[in-house]
Amino acid sequence: MVEIRLTNSMTRKKETLVPIRPGQVSMYVCGPTVYDRAHLGNARPVVVFDVLFRLLRHVYGEDAVTYVRNFTDVDDRINETAQKRKAAGATGTLEDLIRERSDETIRWYHDDMDAVGALRPTHEPRATEYIPQMVAMIEDLIAKGFAYENEGHVLFRVRRYAEYGQLSGRSVEDMIAGARVEVAPYKEDPMDFVLWKPSDDDLPGWPSPWGRGRPGWHIECSAMSYALLGDSFDIHGGGNDLLFPHHENEIAQSCCAHPEGSFASIWLHNEMLQVEGKKMSKSLGNFFTVRDLLDKGVPGWNGVPGDVIRYVFLLTHYRKPMDWRQATAITAKQRLDIWSSEVQSNRELEREFKQDRDEFVRNYVDPTVVEALADDLNTSNALTTLIAAGKKLEGLSRVQFTDDEVETIQRQLVAGCYLIGIDLYHYANAISRGSFNLSDFASKLTALRETAMQTKDFSAVDALKSSLLAAGAEVRMTKAGVEVIPGPNFDPAKLEPLK
RNA sequence: GGCGAGUUGGCGGAGUGGUGACGCAGCGGAUUGCAAAUCCGUGUACAGGAGUUCGAUUCUCCUACUCGCCUCCA
């Protein structure tokens, strides 16, 4: 069994994963608040934890891993959209419109994350479907003295939990010094955070022992992880911006409500994403969604393929800030284009791969790739191994190998890519569907060239070649023949006059 | 102010107590009608200072700078 080592934010050390239930792994990752299209930053944890999910499935078996990622569908921004729509004359109750908004956002989220190759988690609970569990947990916390009700609010008594601050490494005193905590008349202590708050008639609400209201943000993850994974599970993940206060508060709630359990054994946090060296923000004008990139993306492209987005993400280790740069996306696409072309023609291999992809990975993946991933998800090193394999198949390198050796390398490349979530055959097909058939130009160029070889007058060849180059096509002439393929800035309109 | 992360060659980005990962770009050569692609070759990098050590980019301390969190933003 491959030993998986992960950096635990709680201990700040790399630790070996030892599942609580032998042979079974459980993981909870904080999911999106479904108020709008996911931006590119939202995709980073999705890809990071998807790689982990795939690795765990590879090591422990497909059915041995339970992955829970929630949807937060209680949120003021969802309410706002719903209220606006209602004001604009949309039919249905406010609750209907709220549900409608989160439904459409979840649909988008699925579409976009599918596109970057993320497997669907085992469970994707919605906060609104676990309100009774949250209410029960809050009642329990009150009964145990860790929470209190005041003016329709229920608050968590932070000072009653001695371990508070362990994950983020701050003491309650530190935080008081920071003095950014919200002071409110219904709080016993400024540090206390909300478990339940009242809703007025314009807001969604649920009945509770404390009146009509809605849950605080942190309680949903505690309630849903308990409902689906129990009081102790192996891995809890999320972006490092959630480390405090969200995860700290989750720990406080869960550990006080279920002292018999250990809650999460390993905490994983991914670093944030930047764009061209700067934090992505609306004010800087570098804010964009995953969909923007998939549809439009890099200028001159017909959108950025999801696999290219994923490849760029995997280039950087998850605990380091990742920079989305157009230049990186371009080299990523070149790499994937090469890889897919190296395996595309092997239809027999494609058939075998598609029959059972997971089985294919088990049989053929290079152990070096698995080892790199098992070492705290070192995706960058995994890619290095794959690049080396790909290089062997490139151009003249390939002739050094026998057919059997070539096929072995192809298998390793396809399997390794799939383990990190890139389906080369899917990519190859997607690319060829979107590309243009330039073989007519290739034949024409071949004919002109053959004539020119005799006459030594290359002007006609050069004229056609420059037109093709001007249109963004790549022209490759070898003794074997002429190849014309669309380049990164290919513009088919410019070829119209040549037909 | 508090807490935390980081600073590696032109750019990106791994890693290690002792032979300069890897990619892109560059340079030289092969090849080519010219190119492109490909192939071969090619790089005095580890923020600064002090310490530990036979030896540190890798460990410890200090300094500088960058960034994140402390505001339901992943």
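We name chains A, B, ... by the order of the sequence lines, and we start the count at 1 in each one.
Among the protein residues, A:V461 comes within range of the nucleic acid bases, having at least one heavy atom under 4.0 Å from a base atom. In this structure, A:T316 reaches the sugar-phosphate backbone alone: every heavy-atom distance under 4.0 Å involves primed, P, OP1 or OP2 atoms, never a base. Within the nucleic acid shown, A:L243 has no heavy atom closer than 4.0 Å to any nucleic acid atom. Across all strands shown, A:L469 has no heavy atoms under 4.0 Å from either base or sugar-phosphate atoms.
Here the nucleotide nearest the side chain of A:T384, chosen from B:rG33, B:rA21, B:rC73, is B:rA21. Each of B:rA74, B:rG33, B:rC22 was ranked by its minimum atom distance to the side chain of A:M477; first place goes to B:rG33. Side-chain proximity of A:F244 to the nucleotides B:rG33, B:rG15, B:rC70 is greatest for B:rC70. For A:N270, the side-chain atoms get nearest to B:rA74 when compared with the rest of B:rA74, B:rG33, B:rA14. With B:rA14, B:rC22, B:rC73 as the choices, the nucleotide that has an atom nearest any side-chain atom of A:D75 turns out to be B:rC73. When each of B:rG4, B:rC73, B:rG33 is scored by its nearest atom to the side-chain atoms of A:R449, the top-ranked nucleotide is B:rG33. For A:M453, taking side-chain heavy atoms from C-beta onward, the closest of the listed nucleotides B:rG33, B:rG15, B:rC11 is B:rG33.
Pairing of B:rA30, defined by two Watson-Crick or G-U wobble distances under 3.5 Å, is identified with B:rU38. Here B:rC69 sits opposite B:rG2 as a Watson-Crick or G-U wobble pair (both hydrogen-bonding atom distances under 3.5 Å). When both distances must be under 3.5 Å, the Watson-Crick or G-U wobble mate of B:rG18 is B:rC54. For B:rG43, there is no paired nucleotide, since no Watson-Crick or G-U wobble pair has both relevant distances below 3.5 Å. Partner assigned to B:rC61 is B:rG49, using Watson-Crick or G-U wobble distances below 3.5 angstrom. The base-pairing partner of B:rC24, taking Watson-Crick or G-U wobble contacts with both distances under 3.5 Å, is B:rG10.
Rounding to whole angstrom units, CH2 of residue A:W267 and P of B:rG4 are separated by 18 Å. Taking atom CG of residue A:L273 and atom P of nucleotide B:rC69, one finds them 13 Å apart after rounding to whole Å. Residue A:L383 contributes atom CG, which lies 10 Å from atom C1' of B:rC22 at whole-angstrom precision. What separates CZ of A:R476 from P of B:rC39 is a distance of 11 Å, to the nearest Å. Put simply, CG on A:N378 is 15 Å from C1' on B:rG23, counting in whole angstrom units. When rounded to the nearest whole Å, the span between CZ of A:R335 and P of B:rC22 equals 13 Å. Between A:M322 atom CE and B:rG6 atom C1' the separation is 16 Å, expressed in whole Å. The CD1 atom of A:I338 sits 11 Å away from the C1' atom of B:rC24 (whole-angstrom rounding).
Here the separation of B:rG6 from B:rC62, taken at their P atoms, is 16 Å to the nearest Å. B:rU16 and B:rC22 are spaced 15 Å apart, taking the C1' atom of each and rounding to whole Å. Distance noted for atom C1' between B:rG12 and B:rG18: 28 Å (whole Å). Taking the C1' atom of each, B:rU60 and B:rU53 are spaced 12 Å apart, rounded to whole Å. Comparing B:rG9 with B:rA21, their P atoms are spaced 13 Å from each other, to the whole Å. Comparing the C1' positions of B:rA37 and B:rU32 gives a spacing of 11 Å, expressed to the nearest Å. Here the separation of B:rA45 from B:rG15, taken at their C1' atoms, is 13 Å to the nearest Å. A gap of 8 Å separates the P atoms of B:rU57 and B:rC46, to the nearest Å.
Remark: A:K391 is not in phosphate contact with B:rU38, judged by side-chain N or O atoms under 4.0 Å from OP1 or OP2. Regarding contacts with the backbone of B:rA37, every side-chain N or O of A:K465 stays at 4.0 angstrom or more from both OP1 and OP2. Within the structure, every side-chain polar atom (N or O) of A:N240 is placed at least 4.0 Å from both OP1 and OP2 of B:rA74.
Between A:H247 and A:H269, the angle of the ring planes lies from 30° to 60°, which puts this pair in the tilted group.
A donor-acceptor contact closer than 3.5 angstrom is absent between the side chains of A:Y35 and A:D76. Using modelled atom types and a 3.5 Å distance limit, the side chains of A:D462 and A:S459 yield no donor-acceptor pair.
Of the residues A:R310, A:R291, A:R107, A:R120, the one that meets the salt bridge (Lys or Arg N to Asp or Glu O under 4.0 Å) test with A:D114 is A:R120.
At least one side-chain heavy atom of A:Y318 sits under 4.5 Å from a side-chain heavy atom of A:T7. Side-chain contact between A:R37 and A:V290 is absent, with no heavy-atom pair separated by less than 4.5 Å.
A donor and an acceptor atom sit less than 3.5 Å apart, one in the side chain of A:D462 and one in the base of B:rG33. With hydrogens and angles ignored, a donor-acceptor pair closer than 3.5 Å exists between the side chain of A:H39 and the base of B:rA74.
Between A:F458 and A:D375, the residue anchored nearer the 5' end of RNA chain B, judged by the nucleotide with its closest heavy atom, is A:D375.
Annotation: A:F233 is in aromatic contact with A:F263 [ring centroid separation under 6.0 Å].
Other residues, nucleotides and ligands contribute at most 12 non-hydrogen atoms within 6.0 Å of the CG atom of A:D403.
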